[in-house]
Every structure is written in structure tokens, then in C-alpha cells.
Amino acid sequence: MKALFVQNCIRGWVFNFILVGIFLIPILSSAQSKINIAIGADIWEGYNASIRYQTEQSQLALGVGKSRFIYGHENDLNISASFFYHFHGVSNFTTRRIWYGKMSIIYSRFQEYVDGPEMDGLTFGVRFGRDFNLSKRVALSADIGLNYGTADSVKIPLFGAGICLLYRI
């Protein structure tokens with residue numbers, strides 16, 4: 001019975017994420033800014049996919065992830081929102097600066113073990129990173145920093161790092 005409840009919750013979150021995307025993408029893509037898609041791996045978000053709205057030197061991102069590397073919980077689902085500000089450096093391929101700061105908030109829902117109770121929490125992160133532009137459309141990004149939150153009853157800042165492959169639409 002509990003497994004059915006968990007599946008329904010996950011389906012609800014995925015449905016909401018897709019529904020927001022359906023309404024948000026046409027609005028954002030009609031502006032003069034760009035939409036980027038990223039896939040990656042992160043200590044706190046696990047394997048993840050995100051969609052990013054890019055203006056001149058900043059980006060807003062919404063992402064969903066699964067299977068965090070930290071603690072290896074069961075039935076893990078992570079939903080994130082991030083803000084990137086590109087502040088230094090130049091690239092031959094794009095006008096966006098290559099060094100950036102990133103602030104993020106991650107909602108996590110997980111089980112510590114298969115039959116354990118479901119738990120959830122919020123994690124806040126502050127990171128610095130760099131884009132490695134491979135072409136006008138493709139870039140590799142890497143960032144490191146600190147995360148602090150209520151997920152896993154962690155109340156101290158912990159190391160956070162991630163890498164992603166970015167495609168500019």
C-alpha cells in the first residue's frame with residue numbers, strides 16, 4: 001500500500017514538472033533569450049536533467065534528479081531550482097562569460113531503506129564553476145561549493161560538486 005502511495009507521489013511530481021514545462025517553454029522561447037538543456041551528475045542531485053532559461057549573463061534552471069551519490073537512498077527523487085550568474089572570462093564561441101556563481105535549492109524525497117519511512121528535506125547550495133565551451137552549442141560545466149540543508153538531518157555545510165553537458169537550443 002505504501003509503495004503505491006510513493007508511486008502516485010512520484011507520478012504527481014513528474015506530471016507537475018511536465019505540465020509547468022509545457023506552459024513555460026513557449027513563453028520563454030518567444031523572448032530574445034535562449035533555452036538550454038543540460039544532463040549531468042551531482043553529489044546532491046544524482047543523475048539529473050534540467051532546462052535552463054538564459055539571459056545575457058545569467059540563467060535560471062529547473063531540474064529533476066534520481067539516485068543521489070551521497071548515502072545511496074532508495075526511491076530517491078530530487079527537484080532543483082538554480083540561479084547562475086556568469087561574471088568573468090571570455091570564450092571564442094559565445095558572449096557568455098565562462099566563470100559563474102550558482103545558488104540552488106534542492107527538494108529531496110527518499111527512503112533510507114526499502115521498507116523504511118519516506119523522508120523529505122531541502123538543501124541549499126552555493127557554488128562556483130566554469131563552462132568549457134566545446135562549440136557554439138555544446139559546453140561542459142563543472143562546479144564545486146557547499147551545500148547546507150535539512151535532508152538526511154544534516155545541519156552542517158557539506159561539500160557539493162557537479163558536472164554537466166549543456167546543449168544550447
Side-chain angles (χ1 to χ4, degrees), residues 12-70 76-109 120-151 154 156-169:
W13 277 103
V14 170
F15 176 75
N16 287 336
F17 186 74
I18 291 170
L19 189 63
V20 167
I22 288 170
F23 289 110
L24 198 58
I25 289 172
I27 293 168
L28 296 178
S29 63
S30 65
Q32 293 296 320
S33 301
K34 296 182 180 179
I35 301 293
N36 302 323
I37 297 173
I39 56 170
D42 189 285
I43 291 176
W44 290 95
E45 293 178 69
Y47 302 108
N48 59 69
S50 64
I51 187 162
R52 298 180 182 184
Y53 171 67
Q54 173 187 325
T55 60
E56 289 293 319
Q57 297 300 328
S58 61
Q59 293 179 350
L60 293 173
L62 291 174
V64 63
K66 183 88 171 122
S67 301
R68 286 188 302 170
F69 301 117
I70 259 192
D76 191 13
L77 175 67
N78 305 300
I79 298 173
S80 65
S82 302
F83 173 74
F84 297 79
Y85 181 73
H86 294 260
F87 60 88
H88 185 67
V90 294
S91 171
N92 293 334
F93 296 114
T94 179
T95 59
R96 192 173 64 201
R97 297 177 185 128
I98 55 175
W99 290 95
Y100 63 85
K102 175 184 174 184
M103 293 184 297
S104 61
I105 182 168
I106 304 164
Y107 169 78
S108 299
R109 180 168 279 286
D120 57 356
L122 288 176
T123 304
F124 303 94
V126 177
R127 298 185 186 180
F128 291 96
R130 187 179 192 284
D131 284 342
F132 299 93
N133 293 305
L134 306 175
S135 71
K136 288 184 178 184
R137 296 216 178 254
V138 179
L140 188 64
S141 294
D143 54 52
I144 60 170
L146 294 175
N147 285 62
Y148 176 84
T150 60
V154 174
I156 59 172
L158 294 174
F159 176 74
I163 188 167
C164 76
L165 184 64
L166 178 75
Y167 180 75
R168 297 177 185 103
I169 297 177

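The first residue of the sequence shown is numbered 1, and numbering continues consecutively from there.
No donor-acceptor pair closer than 3.5 Å links the side chain of Arg130 to the backbone N or O of Ile98. A donor-acceptor pair is defined here as one N or O able to donate and one able to accept, closer than 3.5 Å; no such pair exists between the side chain of Glu45 and the backbone of Ile106.
Nearest approach of Tyr47 to Ala41, heavy atoms of both residues: CD2-CB, 4.3 Å. Smallest separation of non-hydrogen atoms from Asn36 and Ile169: OD1-N, 4.2 Å. Smallest separation of non-hydrogen atoms from Ala61 and Phe84: CB-CE1, 3.9 Å. Of all heavy-atom pairs between Ala161 and Arg127, the closest is C-NH1, 3.5 Å. Across every non-hydrogen atom of Asn78 and Ser108, the tightest pair is OD1-OG, 2.9 Å.
Within the model, atoms OH of Tyr53 and CG of Leu62 stand 13.0 Å from one another, a figure rounded to the nearest 0.5 Å. Note: Thr95 OG1 to Gln57 CD = 6.0 Å, rounded to the nearest 0.5 Å.
Summarising the local packing, CG of Leu60 is surrounded by more than 12 heavy atoms from other residues, nucleotides or ligands at distances under 6.0 Å. For Leu146, the CG atom counts as densely surrounded, since its 6.0 Å shell holds more than 12 non-hydrogen atoms of other residues, nucleotides or ligands.
Arg96 places none of its side-chain heavy atoms less than 4.5 Å from the side chain of Lys34. Inter-residue side-chain proximity for Gln59 and Ser50 is flagged as unmet; no heavy-atom pair is nearer than 4.5 Å.
Checked by atom type, the side-chain pair Ser91/Asn133 shows a donor-acceptor distance below 3.5 Å.
Between Phe87 and Phe128, the ring planes are perpendicular. Angles over 60° get that label, and only those under 30° would be called parallel.
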